[in-house]
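What follows is a set of notes on a single structure, which appears directly below.
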Amino acid sequence: PPPFMALTMSRGHVVVTCCWWCFLGGERSTSSTGREVMARAAEAVDAKAAAKVRKEKNWRFGYVDHFVDHLALCAKSEKNTLAMAQAGLDYLYESFDFVTDDG
């Protein structure tokens with residue numbers, strides 16, 4: 001299979017496919033993508049928090065604690081919230097290709 005994940009959504013006559021590369025640590029999964037989004041967001045304000053996210057061995061069941069930590073970092077200041085949001089979105093924009101039904 002190709003080295004990316006794809007999600008296709010349709011609303012009426014509009015079909016959008018979102019593709020992203022998922023080779024973090026040699027694995028291809030939505031979990032690795034979600035983990036890296038959280039790590040990039042945390043990294044914008046706290047390198048140790050980002051490292052903790054990346055070291056999580058069982059993201060599928062261990063992500064909740066990281067989301068709590070994420071919210072705690074955001075709650076410290078508006079600056080943190082905006083920096084983290086921008087960093088997470090930047091990673092997504094770098095990683096995703098959006099394809100519409102007209103190519």
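As a basis for the values below, the full set of heavy atoms in this structure was taken, side chains included, without hydrogen atoms, waters or symmetry mates. Everything numeric here is computed off the predicted structure, so don't read it as measured data.
- Electrostatic pairing of Lys48 and Glu43 does not count as a salt bridge here, judged by no charged N lying under 4.0 Å from a carboxylate O.
- Taking NZ of Lys57 as the reference point, atom NZ of Lys55 lies at 9.5 Å (rounded to 0.5 Å).
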Margin query: Please determine whether side chain to side chain contact (heavy atoms under 4.5 Å, CB included) holds for the pair Arg40 and Arg35, giving the CA-CA distance in whole Å, both sets of side-chain angles, and the decisive distance to 0.1 Å.
Written below: CA-CA 9 Å; Arg40 296 283 181 104; Arg35 181 174 44 239; over 6 Å; no

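- Atoms CZ and CD, on Phe61 and Glu56 in that order, are 11.5 Å from each other to the nearest 0.5 Å.
- The CG atom of Leu71 sits 8.0 Å away from the CE atom of Met84 when rounded to the nearest 0.5 Å.
- A single hydrophobic cluster is seen to contain both Met38 and Val64, as judged by linkage of ILVMFWY side chains at heavy-atom distances under 4.5 Å, directly or through other members.
- Leu73 and Asn80 make their closest contact through O-ND2, 2.9 Å (heavy atoms, listed as atom of the first residue, atom of the second, distance).
- One finds the CD atom of Glu94 at 11.0 Å from the CG atom of Leu89 (value rounded to the nearest 0.5 Å).
- When all heavy atoms of Ala42 and Ala50 are compared, the pair lying nearest together is CB-N, 3.8 Å.
- Contact detail for Tyr91 and Thr33: the closest heavy-atom pair is CE2-O, 4.2 Å.
- In this structure, Asp46 and Ala49 approach most closely via the heavy-atom pair OD1-N, 3.0 Å.
- Rounded to the nearest 0.5 Å, atoms CD (Glu36) and CH2 (Trp59) are 10.0 Å apart.
- Below 30°, between 30° and 60°, or above 60°: for Phe67 and Tyr63 the angle between ring planes is above 60°, a perpendicular geometry.
- Under the 4.0 Å criterion applied to side-chain N and carboxylate O atoms, Lys52 and Asp69 are assigned as salt-bridge partners.
- Counting all heavy atoms, side chain and backbone alike, Val45 lies closest to Ala83 at CG1-CB, 4.2 Å.
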